[in-house]
Structures are given as structure tokens and as C-alpha cells.
Amino acid sequence: MLEDFAGRYPYFLTAALLVLGLYGMLAKRNLFKQVIGMTIFQTAIFLFFIQGAAKWGGTVPVLDPARGTDPAQYVNPLPHVLILTAIVVGVANTGVALALLYTIHRRFGTLDEARILEKAKGEH
Amino acid sequence: MSHLPLLVPVVYLVFSLLSVLGGLWRRSLGYALALVGAGVCVPLALWGLFQALSQGRIRYALGGWPPPFGIEYVLDPLAGLLCALIATIGLVVLVYARWSVAREVPEKAPLLYPVALLLLSGLTGIVVTGDLFNLFVFLEIASLSAYALLATGRGLAPLAAFRYLMMGMIAGSFYLLGVGFLYFSTGSLNMADVAERLEPLAGSRAVAAAALLMALGLGLKMALFPLHLWLPDAYTYAPSAVTGLIAPVMTKVAGYALIRLTLDVFGPAYMTERVPLLPVVGWLAAGGILVGSVMAIAQTDFRRMLAYSSVGQVAYVALGLGLGNPMGLVGALLHTLNHAFMKGCLFLVAGGVFYREGVTEVPHYAGLGRTMPWTMAALTVGAVGMIGIPPTAGFFSKWYLVLGALDARNWVFVGVILVSSLLTAVYFFRVLEQVYTAPRPADMPAAPHSDPPLGMLVPILVLGAGVLVLGLINSLIVTHVLQRVAAPLAGG
């Protein structure tokens, strides 16, 4: 049991972070807290990719004459590259979300979902 | 020409940038450049489709890096067809957008057109890419543009766009997580390469998790019941031109990605037997068809009714895929085409009525049959297509779906398709009754208005005519494109 956990703890941590992020996105009524949940959710996935690339005794993926060309000696660079792209996508998502929050706040004067819906009803 | 697969998304991307720069200098130049970009892409996409049909698969290694190490773009008949569809709808709606945007959100026009091109770039990119991670990037490009476009609308539009962003983020992340599982299992991201390496891994739990996560993510993006809750608000509050662009193609492209994964990565046998995702998709779709149709009947706002109807109609595509046999898939793909034209036509009609009358409620459509004869004729054709009355395109896609359901001996699905056609008839005949027989309501100006300006009317009529033309040439599309695409399902 304990050994099982020791071998797989990155997965459990990722899952815990994912659940935490989802909780923030779906259960919180303040839109800003939902954005925070979204960021946690994204980060969990980044960490999942990074742990998948890690190797015991592996070094940076730059050819080292002392270590030769054995791929087992180097950390897999591809997940890092993918995650760099995914981080950019995540930043874009967060940026658009914050811009939307700005628009919502300017139009309704609040970021509480229930109060926004109330105010929108009052306008009709 | 070997560069063909990449050409359409790149042309959109370049003209998107040019349109921003042109728009900064002169407002009308930004629009003109966007229109030129969309115009150039239609012949390119059609040429790509014909090349793909005559030569089979056209493969292009980005940057000269051979797959599976580099990113690969693949233009096969299915991708060519979807690309041509997106380009056509994109051009028609951009022509329409000029008047519609000037009436509804004039202050946002300079940036709306470049973002619309960015959306088209993302959608066509999803269609032609042969790389799992690249698909994620294009999916996010398209989604981010869609959030920005949808948020430009009135009232609750920013909140609706924000909710859509939350759902889209979860969907994209699930898909990305699935890509991670697949990559760590197979060590590759190229679709064809992954498919080969998956064969010995059929029993792996990580691969099953990957299939589940990716299907979940794409199901959310395509608004598959019960993951559709973001869609009605997003479509209702957005400007007409934006809905007219997003509703026909956006959810359909997510459906395309699911079809592509099923056919070319996991394989239909894996998705029906080892990890029975396709049957689940089929049953959810059956639920979505009924719920979408019933909810559409309950709406009084014409655009909201169309949005709920979209939930039901996109479920037809999922149902056809869920059947897992060639007839079902032919029906699903034919319905993708038809629904793009029908729903595009109807949303543009809604925008045309809003342009002249400033109303969206169905009771306010009363008497429009006399004052806006051409627009209402297009509405009638679109409605008849949605119900599925021959010779419109809607009839033939439902016909193939029913044949597919009969092939699978699934009587419940046959029943669902027939019942939903009746439900669709209920909500569209209600609109048609208002339009043609009801007297003009007292609270509306009696002065007869006419059809919207030509710049809006021509796109509406083009899409309306498309519904009829697709119906008449459906056997050509089915025999030359769709049956070839669906052929792999026949064995499995």
C-alpha cells in the first residue's frame, strides 16, 4: 500500500490538484475565485507532464561527451517543450478570462454570479 | 502541390494580422482585407478537396522535419470536405457581417473581423493537422477567438462567454491530459504513428484513460448532452453575425476531431469493444436530441430556440458516430454539412429580422411573411430542412442515420430520430404559422418594412439555396467522399 503510494505519488498529487481546481471553478460563486481555480487546474496538468519527463540520474537534454548518446542518460525534452506551449495557451486563457471579468465588472458592478443575474433581470 | 494542407490556415492567419494593421489605418481597409482573406481561402479549400479526392492523402511535414519527429499536416478527403465547408461558411458570413455588425456592435467592428479570421484559422487547422498536440493548440486558438467574439454581444454576453471559457478550459485540459497519457504510453504524438504503436497496447489502462479523457474533452467542446449547458446563453446574447459564424461550424469541428480520433488513432474496434465509448456517445446523443428538441419547444426567443435546437442537431452527428457503422457515419458527416448550412441560414435570418425590426421574440415574427418575403422564404427552406422534408438536405442525412440505426438493429435510435423530427416540426411550424398566417401585432409599427439590405439578403439566400443544393447533390457527396471515409468502419 505504502509502496504503491510511493511509486505513484505524482499521480495522486496531480489528481488532488485537479479536483481542487475543478472545485474552485464549479462551486465558487465569485467569478474571480473561479479564475483562480482555473489556474490551479491548468498547473496540475503542467506538473503531470513534467513528472512524466523526469528520470532518475538524467541530466539536461544537451549532448554531454562524458555521457554519450544513450537516451537513458538525459531527461526527455519533448514534454517540457509541449508544456511551454501549453503554458502560453494557459496564459492566453487567463488573460481572456480577466478581460471578461473586467467587462463584467464594468457592466454590472460586481463579480458575484447570483448578483449579476439579479441585476440583468432588473434591466429587462 | 505538397504545401496544400497548410495553405488555408496560414492564409487566414496572415490576413488576420493584415486586417488588424489595415484596420488601424482605415476602418474599411480592415474589413476589406478580412474579406479578401476569406475569399482567397474558398478556392484554395475547394482545390484542396479536389486534389485530395484525386490523389488520396496529401501529407506535409512542417519545417521539413519528417514525421513522427516533426509536425505533420494531412489533407484527406474528409479534411478537405470540412475545410471547404468552413471556408464557404466563413466567406458568406463575413459578407453578411458588415451590415449586421454596423447595426449591432459598430464600435467593435475593427477587431471583430481579424478575430473572426483567427477563429477560421483555428478551425481549419484542427481539420488538417495530423498531430495530437497541434490539434490541442488549434483547438485553443479557435476557442479563444470564439470567447472574444461571443463576449462582444449585449446584456449577459460577457458572463455567458466567461462560463463558456470555463467549460472550454476544462475541455481543453481534459483533452491535453489524454494526450499526455497517450504520449507517455506510446512515445509519439503523430496520429498515424500513435495508431501503429497502440496495437500492442490495446489492454493498457493508461490508453483507456486517454481515450476516455479525450472523448470527454471533445464531448464538452461539441456540447454533447449533458455537457451542453454553456451553449444556449453563449449563442443567445452574441451578435447575429458571430452566432452565424460559430453555430454552424464550431461544435461540428469538435465532433470532427472525435471522429478523427476514432477512425485514425484508436480505431473503431477499440472504441466499441475494448473501451465501449462509442455506444455511450450514441446513448448520450439520443438523450441530447430529445432534450434539445423539447427545450427548443419551450423557448419564445427565436435565437434561443435555435441554440437549443443546435444541442439536438449536433447530437445527431454524435449519434451517427455512436452507431459505429458506415451508414451511421455517412449520416453523421452529411448532417455536419447540412446543419452548417441550415443553422447558418436560420441564424442569419434571425439577424436580418433584428436588423429591420429590432426583435427576436417569435410572436413578433407575426406577419413578416408579407413584408420580408425573401428572408422568410429562406427561413422556410431552413426550417423544412431541419424537420427533414425532402428534397432538402436534412431529409437525406436523417435517412442515412435511420439506415445506420436499422443496420445496428437499434430500434430505440430509430424511434428517437423519428420522434425528434416531429418535435422539430412542432417548434418550426409554430414559427412559420406566426410568419405566414398571424396578423401583425398591435405593438409593432405597421409601416411595411422590406427585406434586409442586399449585403445581408444575398448571404441568407446563398445558405438557403445551399440547403436545397446539398439535398439535390447529396448522392454525389456520399459516393465520392463520405463512403470512402466511412469504409474503415465496414470491417470492424
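All chains are named by letter (A, B, ...) in the order of the sequence lines, taking the proteins before the strands, and each is independently numbered beginning at 1.
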Worksheet item: Can you check side-chain contact (heavy atoms from CB on, under 4.5 Å) on L26(A) and I170(B), steps first, answer last?
Response: CA-CA 10 Å; L26(A) 300 177; I170(B) 295 177; 4.2 Å; yes
Residues 30-40 of chain A vs chain B, non-hydrogen distance cutoff under 4.5 Å, contacting residues -> L31(A), Q34(A), V35(A), M38(A)
Output for pair (M25(A) CE, R163(B) CZ), nearest 0.5 Å, gives 13.5 Å
Applying ring pair (Phe, Tyr, Trp, His ring centres under 6.0 Å) to F138(B) and not counting sequence neighbours gives none
Here the pair of heavy atoms bringing L100(A) nearest to A161(B) is CD1-C, 3.9 Å
Per-residue tally against chain B (heavy atom, under 4.5 Å) across L22(A), I104(A), N76(A), T14(A) peaks at I104(A)
Tell me whether the count of non-hydrogen atoms from other residues, nucleotides or ligands lying under 6.0 Å of NZ in K28(A) goes above 12.
no
Check your understanding: Does the side chain of T85(A) reach to within under 4.5 Å of the side chain of F133(B), using non-hydrogen atoms?
Key -> yes
dist L18(A):CG -> F174(B):CZ (nearest 0.5 Å) comes out at 7.0 Å
Rounding to 0.5 Å, atoms CG (L156(B)) and CG (L117(A)) come to a distance of 6.0 Å
When the 4.5 angstrom heavy-atom criterion is applied to F49(A) and chain B, the contacting part is both
When the 4.5 angstrom heavy-atom criterion is applied to I141(B) and chain A, the contacting part is neither
Once you measure the plane-to-plane angle for F48(A) and F184(B), does it fall in the parallel (<30°), tilted (30-60°) or perpendicular (>60°) bin?
perpendicular
For R107(A) and G153(B) the tightest heavy-atom approach is NH1-O, 3.4 Å
Please evaluate residues N93(A) and M166(B) with respect to the criterion side-chain contact (heavy atoms from CB on, under 4.5 Å), reporting the C-alpha separation (whole Å), side-chain torsions for both, the decisive distance (0.1 Å), and the verdict. CA-CA 9 Å; N93(A) 261 316; M166(B) 284 291 156; over 6 Å; no
Closest non-hydrogen atoms of G155(B) and F108(A), given as atom of the first, atom of the second and distance, are O-CZ, 3.7 Å
Side-chain heavy-atom pair L176(B), V89(A) within 4.5 angstrom cut-off: no
Whatever's closer than 4.5 Å to a heavy atom in chain A on F181(B) counts as both
Highest number of heavy-atom pairs under 4.5 Å with chain B among V96(A), L82(A), L101(A), T103(A) belongs to L82(A)
Applying a strict 4.5 Å limit to non-hydrogen atoms, the region of A86(A) in contact with chain B is both
